[in-house]
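Chain letters run A, B, ... following the sequence lines, proteins first, then strands; residues in each count from 1.
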2 protein chains.
Amino acid sequence: MTGIDPKNRMGTDDRAADLRAEAFQGVRAARSRELAEDYVELIAELIHDHGEARPVDIAARLGVRVPTVTKTLDRLAREGLITRARYRSVFLTDEGRALARECRRRHEIVLRFLLSLGLDPETAERDAEGIEHHVSARTLALFAAFASKS
Amino acid sequence: MTGIDPKNRMGTDDRAADLRAEAFQGVRAARSRELAEDYVELIAELIHDHGEARPVDIAARLGVRVPTVTKTLDRLAREGLITRARYRSVFLTDEGRALARECRRRHEIVLRFLLSLGLDPETAERDAEGIEHHVSARTLALFAAFASKS
DNA sequence: GAGAATTGTTAGCACCATCTAACATATTGC
DNA sequence: GCAATATGTTAGATGGTGCTAACAATTCTC
Ligand SMILES: [Mn+2]
Ligand SMILES: [Mn+2]
Ligand SMILES: [Mn+2]
Ligand SMILES: [Mn+2]
């Protein structure tokens, strides 16, 4: 019968720590999807605007070198988001197209939200590009509601 | 004198692409700082709440294994954010403490903002943990203003 | 204070994301 | 159609972030 039961105190701490850990695990999962999301969104846009998505254009817009794009595209192909043939431009699979659509929608909601808060367009675009990957469905819904209500 | 000057068209595209590239480069830079930011913020909190920051507690709260923490702490020490001695707990340098303070402030502003939008506390905490690293000073100021005005 | 339990480190693996250099292929322009 | 240019791939390096297994040091408990 010591004053405070150390087991109990630890138990509370542990539960709090577990909650934290879950949050961080979620963030890590989101991080691991970020690059694929940016790629498919950009590929869809290039196909829409220019008729095709070429590695050189992807690289120019992402600000990385072409070999970096080649390697990442190989990964996306492995994951079933795109298809490609050597020396040819890139195509989205159905799955890739679905992801791209979802990412575009999310990107636009986040962007409109930031603009409706009064942020300048350039900063809004920059911040949206990072924030979009870390916004839950609930938060997205609130963003959309706020933006349309203002 | 061909119908549309292809050089001109390309020029416009190039400038737009450059802007995009800058945004993505900014996001990549933020990504490369994320982990260090989460670590120093958590270390400061552990020191404040428990008197010391031990790898085992850092690991429990981040949801990773202890050897992962060891390795990352080595990197943070290399970068001058923490100091440590073998088998001892972790200390922040002045630089680390300054970064931790800034991260904590930013984290709280983002969290309060999300809560003031009407998000439930658990989702707010999760989203804040990811969003915080991608919020510019301007956006942060707008978040803070919105949260206090509501 | 010795043995048990906990904590921390090291080594080694896997994967990702970036780069440069060198080479291969396609496209373009004359 | 060929030569020059542009584009794409491969190889190999660097560094980050995660893991498990094995071992070392510390701390706790009796
Ligand atoms: Mn993005
Ligand atoms: Mn985007
Ligand atoms: Mn965080
Ligand atoms: Mn945080």
Asker: Any ion pair linking R106(A) and E37(A) (charged N to carboxylate O, less than 4.0 Å)?
Answerer: yes
Asker: Side chain of Y87(A): nearest nucleotide among dT9(C), dT10(D), dG8(D)?
Answerer: dG8(D)
Asker: Tell me which nucleotide among dT27(C), dG8(C), dG18(D) gets nearest to the side chain of R88(A).
Answerer: dT27(C)
Asker: Can you tell which of dG18(D), dT9(D), dT18(C) lies closest to the side chain of P55(A)?
Answerer: dT9(D)
Asker: State whether the side chain of T93(A) and the backbone N or O of L81(A) hold a donor-acceptor pair below 3.5 Å, judged by distance alone.
Answerer: yes
Asker: Which label fits F146(B) and F113(B): parallel for a plane angle under 30°, tilted from 30 to 60°, or perpendicular past 60°?
Answerer: perpendicular
Asker: Select one nucleotide: of dG18(D), dC19(D), dT9(D), the one nearest the side-chain heavy atoms of V66(A).
Answerer: dT9(D)
Asker: Any non-hydrogen side-chain atom of V90(B) less than 4.5 Å from a side-chain atom of Y39(B)?
Answerer: no
Asker: Measure the distance from CZ on R65(A) to P on dT7(D) and round it to the nearest whole Å.
Answerer: 14 Å
Asker: May I ask you to say what V56(B) touches in the nucleic acid, namely base, sugar-phosphate or nothing, with a heavy-atom cut-off under 4.0 Å?
Answerer: sugar-phosphate
Asker: Please determine, for the side chain of L35(B), which listed nucleotide (dA17(C), dG18(D), dT9(D)) has the closest atom?
Answerer: dG18(D)
Asker: D74(B) has an atom CG; how far is it from atom C1' of dG8(C), in whole Å?
Answerer: 11 Å
Asker: Could you give the CZ-to-C1' distance, from R61(B) to dT7(C), as a whole number of Å?
Answerer: 15 Å
Asker: Would you tell me if any nitrogen or oxygen in the side chain of R84(A) comes within less than 4.0 Å of OP1 or OP2 on dT9(D)?
Answerer: yes
Asker: Assess whether a salt bridge exists between D49(B) and R61(B), defined as any Lys/Arg side-chain N lying under 4.0 Å from an Asp/Glu carboxylate O.
Answerer: no
Asker: Output yes when at least one side-chain N/O atom of R28(B) is less than 4.0 Å from OP1 or OP2 of dT18(C), else no.
Answerer: yes
Asker: 5'-most contact on DNA chain C: Y39(A) or K71(B), nearest heavy atom basis?
Answerer: K71(B)
Asker: At less than 4.0 Å, is any side-chain N or O atom of R86(B) found next to OP1 or OP2 of dT10(C)? Yes or no.
Answerer: yes
Asker: Identify which nucleotide among dT18(C), dT9(C), dG18(D) has an atom closest to any side-chain atom of T72(B), counting heavy atoms from C-beta outward.
Answerer: dG18(D)
Asker: Round to a whole Å and report the spacing from CZ of F24(A) to C1' of dG18(D).
Answerer: 16 Å
Asker: With the side chain of T68(A) defined as its heavy atoms from C-beta on, choose the nearest nucleotide among dT18(C), dT9(C), dA26(C).
Answerer: dT18(C)
Asker: So which nucleotide from dT7(D), dT7(C), dA21(D) ends up closest to the side chain of R54(A)?
Answerer: dT7(D)
Asker: So, R104(B) and D38(B), do they make that salt bridge, N to O below 4.0 Å?
Answerer: no
Asker: Check the distance between dG18(D)'s C1' and Q25(A)'s CD and give it to me in whole angstrom.
Answerer: 12 Å
Asker: Could you tell me the separation between the CZ atom of R78(A) and the C1' atom of dC15(C), rounded to a whole number of Å?
Answerer: 9 Å
Asker: Can you measure R33(A) atom CZ to dT17(D) atom P for me and round it to whole angstrom units?
Answerer: 19 Å
Asker: Identify which nucleotide among dT9(D), dA17(C), dG16(D) has an atom closest to any side-chain atom of R75(A), counting heavy atoms from C-beta outward.
Answerer: dA17(C)
Asker: Scan R31(A) against the nucleic acid and name what it touches under 4.0 Å (heavy atoms): base, sugar-phosphate only, or nothing.
Answerer: nothing
Asker: Would you indicate, yes or no, if dT9(D) has its OP1 or OP2 atom less than 4.0 angstrom from a side-chain nitrogen or oxygen of T70(A)?
Answerer: yes
Asker: Could you tell me how far apart E52(B) (CD) and dT26(D) (P) are, to the nearest whole angstrom?
Answerer: 14 Å
